[in-house]
Amino acid sequence: MGRQVAIVSAGYSEHASKRSDVSMPELVNEAIEDCLAKVPSVELKDIDAFVNGNMPAFEGSNIPELWMTDWMGARNKPLMRVTTGGTTGGSVAISGYYTVTAGIPGIDTVLAIAFEQQSQGDTSVGLASVAYGEISILNSLGISYDQLNRLLSAGAAIGVAAYQATTYMSKANITEEDLARVVVQNRRNAAKTWWAHLKMPDLTIADVLDTPYVQYPLRYGMVCPASDGAVAMLFTTEEKAKDMCDIPVYVNGVASVANETAVLGYDGSGSAQLDPSEQLGAMKSADLAYSQAGISFPRKEIDYAEVYAPFPNQELMWVEKLGLFEETTAPEMYETGVTAHKGELPVNCSGGVNSTNAIAASAMERPSEAALQIMGKASNQVPKTVHTSIGSGWGGSLNLITLMAMSDEPKRKWK
Amino acid sequence: MSKQTQRKSMDYVKKEYKRTRTMPANWYLSSYEYKFNITHMQPFLKKLKEKKLVANKCSGCNRVFFPPRLVCGKCLVKPDRWVDIRDTARVATYAIAYLKDENSEVQEKPMVLVHHDGADTSSIAELAPGVDVKDTYISMPIKAHWKDNPEGGLMDIEYYDLMDDDAEDLNESK
Amino acid sequence: MSEKIIEKNKGLVKADFGFWVGLYMDKFYDTFEQKKIIGNKCQECGAVFVPPRNICGICNIKLPLDQNWIDVSDEGILINYTRTAYKVTDRRARKAKKLNDIGMVQLEGSDTAIVYPLIDFKEDDLKTGMKVKVKWKDNPTGGPSDIEGFIKG
Amino acid sequence: MDKVGIVGYNQVKCYSDANYGRYEMIFEAVRGAIDNAGLKKKDITTVISATNDYYDGRTISNCFTVEVGGGYMADESKVEMDGAHAMLYGLMRILSGNHKLAVIWGGSMPSCYPYHSARLYETDPTWERPNAYVNDITSSGFQMRAYMEKYGLSKEDIAKVAVKNKKNAAKNPLALEESQNPNISISDVLEAEIYADPVTELMVAPPCDSVAAVLLAPERQAVKITDKPVWITGVGWNQETYYLGERDLSQSTSMEHAAKAAYDMAGISNPRNDLDVAELFEVCAHEELIFTEALGLVEKGKGPQLNTEINGDFPINPSGGALGGNPPCATGLIRIIEAVKQIRGEAGQYQVGDVKRAVASGQIGMCAQNNILYVLEGEN
């Protein structure tokens, strides 16, 4: 049966829209150095295995881990590459957990790395090519290129999110102001996070509502930036963790559930996600991860949440789907400050994906921040003591969901 | 998308980084081909010529796929039955795209997901040109507008017309 | 069941990329402009890397950016070669009209080998262990194509 | 390590230009594996796929394969390496105790994309890629020359491997038809068109379309599912440095490390005696010899002296190996499937007597930079 797994450290590179000073491996190295600096007893040579991932099509490099081997210090080490689109970071973190928990002899300490240097590539083509193959079949079935172009503009992440925003807003009966409030909270939090990208200490709701629409109901001011950045997390066994740091964070539950795609099905068929804000996959993920972690009342037991949400409506929706709040009550929680830095259940105090989005790294920054908050080493540390926290991710066409639940006690029980 | 975002969004605390050299590269998707099996689409395309809609149905879970699907993911089997579908539908959800036309003027274009009555999937489509985007709402009843001479392609339904909504809770849902 | 119908569609778009070379490689290419080659040396094992890198793979330690840079000769030894009939590009692999000689050369003073074409060699001349010399482009711009290839040394 | 069993498998036949849609092929492989084990969709708890964005021409190549790959509402993930590496992740997931049945599938359709360009994207974009002198074609030439010169071997020694594999492939109904040649001779191989001298066209594993799938289950479930589970008793994987100019191409350091880890785990001290057959993923004929030596089956440089025919001293690649068809992302998984067939006695015409223990390998990168090795055992 599996072993208890602990996170002992996490580190970041600086995030910005153009990290033109560093190449991809140097960027990764910044994160590794920051990660290892927090655990003085661990050196690069003590790492038994590597897992990493990025979103290759955004950067024009296939399996970059191959040529980055030496630059990462992975020469003659076991290395596995995991990529799942937007959830890549989450998936890499989860595979880091599995690599340790599997109990393969000689593999105890695992470094998980996720990175993205979007300024090198063409994000719009990258995003369009997610659905490009599926959309091209529609042309064979009689749809003109003119119309295809319009469909392409809706095939990318923003299109999916806009559909989702409309349904959520109609269900929860909220206005754009409620969305803007989430953005303001995030970007003010980002101002206190050293590695964050969009640091806006003085942002107001009016500022956000003053920007034009990208796609109704989402405005430019509400959309995540495109960042360059990398993140690294160090996983190890329960026994070794105690020697490496004061407060090891135990990973108690993980899940990465896949659902059918939203908006567009495979082969250009329809989508069975009639309501893109329903998110059966997220609920199943929460079920799986919480049952492993022995969390029965998420609202009461979880002290801190990092939720992957490039768009504000998703943050509202996701905290509900992950069981932190009742359905449609999240906007009220943001208004009353429950989710604020000093609140009862702080959410995304790092500024979230809404402020910093180095695509593949983003989904790992959620569990890594959630872990640092428990260790008390987060850069925008919340005043309350955090015992249990979660970090989530979504990717693909709203269909891949990752979740990691962690705590300062090893609670994972095996049947 | 992203580059535009930064230009138009609000000021933030920026840091400048040294610019190192760049090495160019390309990814030509034009040297790729995508292969699809569209055998299962044929009955559907044939019926379109008669202005009729058919969908396939999975015997395992009874879900109706419109347009037809190769495989039902829930049961991991090929759907094996065909059912007729009405040409009335509802707006499953919508978004409004802001696209530049030839004169670089921004046009509001509603993009809707259409959920046909009797089907369990939704597909992407357009509303009639005259529809005011501000009036669009979720579960708005619509009806397929056929081309005069259907050719057996997906464009045979040119767009969706609005239907009178006589539901009593109209004002609430709006 | 009727006969299978398979549709093939071509992709249409093209994505452009520009890779930042980073601080180590930038320093390396700076000297290319003067038709010179440098490498960085591991402070522990003394291995000299061309092109440079930030970690010594052998010792697993960081190599600082600001020290241990070493001039490397532009003459070296051919340690391996191949003759290929293909030319690979970003778009496709094409059959070349004639066989091209590609060589792997260990420059004097470095512990690694670099791969460039061998210019004006006859098939029978090629032998591993022979001396070769870098042929520079007339107007180097600070990039990997500043080295045109290797000629007899 | 707990026991994990391979309880089902399936492979779609290799085609150079398959009359298949992408999703159809994936569905056929996965559904076939589920049927092979007599299971249902709802038994699947986790799905790991091996695909590659540059091979499939789309970002997030696993985004739309959820339904056809059996991943609907299952714990799903993707390993962007060889299929054999995807099985590693599946193995870890089973070992964790979180999952009861893992589906691992991998594959792609090189008839749809420029294979060598997609491989070119693996090279260092800040140094070697702009000029493209280092690519999968030239690197294979370097590797063969390095191996031959170090041990004073002849081209015939290498060609012999290609002949053996193509002859074996002729007995394998799932191998690529173009690769099946029972009458091939050494001179055919040597006189074939030059690929990257000294490598000729016929020494190279031909990229082709196929998808393969494997099912894994923990011991308790595995014995209920099948009478003939094949146990994974050892695994090792390793990555060596990238730069060709720094590597000793005449040997495979990463395979040596991987083999050591896998042997230690499986308790193998004398591989030549303890193992019965090997299924190795060789991109070029000479790689099979290099791996044979890295696996400790013969001394370094003595690879060509070992008789590796189906009825030889130590059979290697009785199925024809990757030279019988190399579907990117699936080849390693197919090697595992072939080893499983040998252990279960289901290999038909290319069955190697009585097989108790086998090894199977997968790889990615130029000159097999990253290797993974499994030790598989039958029920005793």
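So you know, we letter chains A, B, ... as the sequences are listed, proteins then strands, and number each from 1. If you're wondering where the values come from, they're calculated on a predicted model, not measured in any experiment. These numbers come from the heavy atoms of this one structure, side chains and all, not from hydrogens, waters or symmetry mates.
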_Heavy-atom cut-off 4.5 Å, strictly under: side chain, backbone, both or neither for E33(A) against chain C?_
side chain

*Does any heavy atom of chain C fall under 4.5 Å from the side chain of T69(A), the backbone, both, or neither of them?*
neither

Counting only heavy atoms not in [X], do more than 12 fall under 6.0 Å of its [atom1]?
X: D66(C); atom1: CG; result: yes
X: D120(C); atom1: CG; result: no
X: K131(C); atom1: NZ; result: no
X: K137(C); atom1: NZ; result: yes
X: K133(C); atom1: NZ; result: no

Smallest separation among heavy atoms of [X] and [Y], with atom names:
X: N54(C); Y: N29(A); value: ND2-CG, 3.3 Å
X: K77(A); Y: N60(C); value: NZ-ND2, 3.4 Å
X: Q117(A); Y: W20(C); value: NE2-CD1, 3.4 Å
X: E26(A); Y: V21(C); value: OE2-O, 4.4 Å

*Relative to chain A, which segment of I58(C) carries a heavy atom at a distance below 4.5 Å: side chain, backbone, both, or neither?*
both

*Checking heavy atoms, do the side chain of K8(C), its backbone, both or neither come under 4.5 Å from chain A?*
neither

At what distance, to the nearest 0.5 angstrom, does [atom1] of [X] lie from [atom2] of [Y]?
X: M72(A); Y: I55(C); atom1: CE; atom2: CD1; answer: 9.0 Å
X: I32(A); Y: K62(C); atom1: CD1; atom2: NZ; answer: 9.5 Å
X: S119(A); Y: F17(C); atom1: OG; atom2: CZ; answer: 12.0 Å

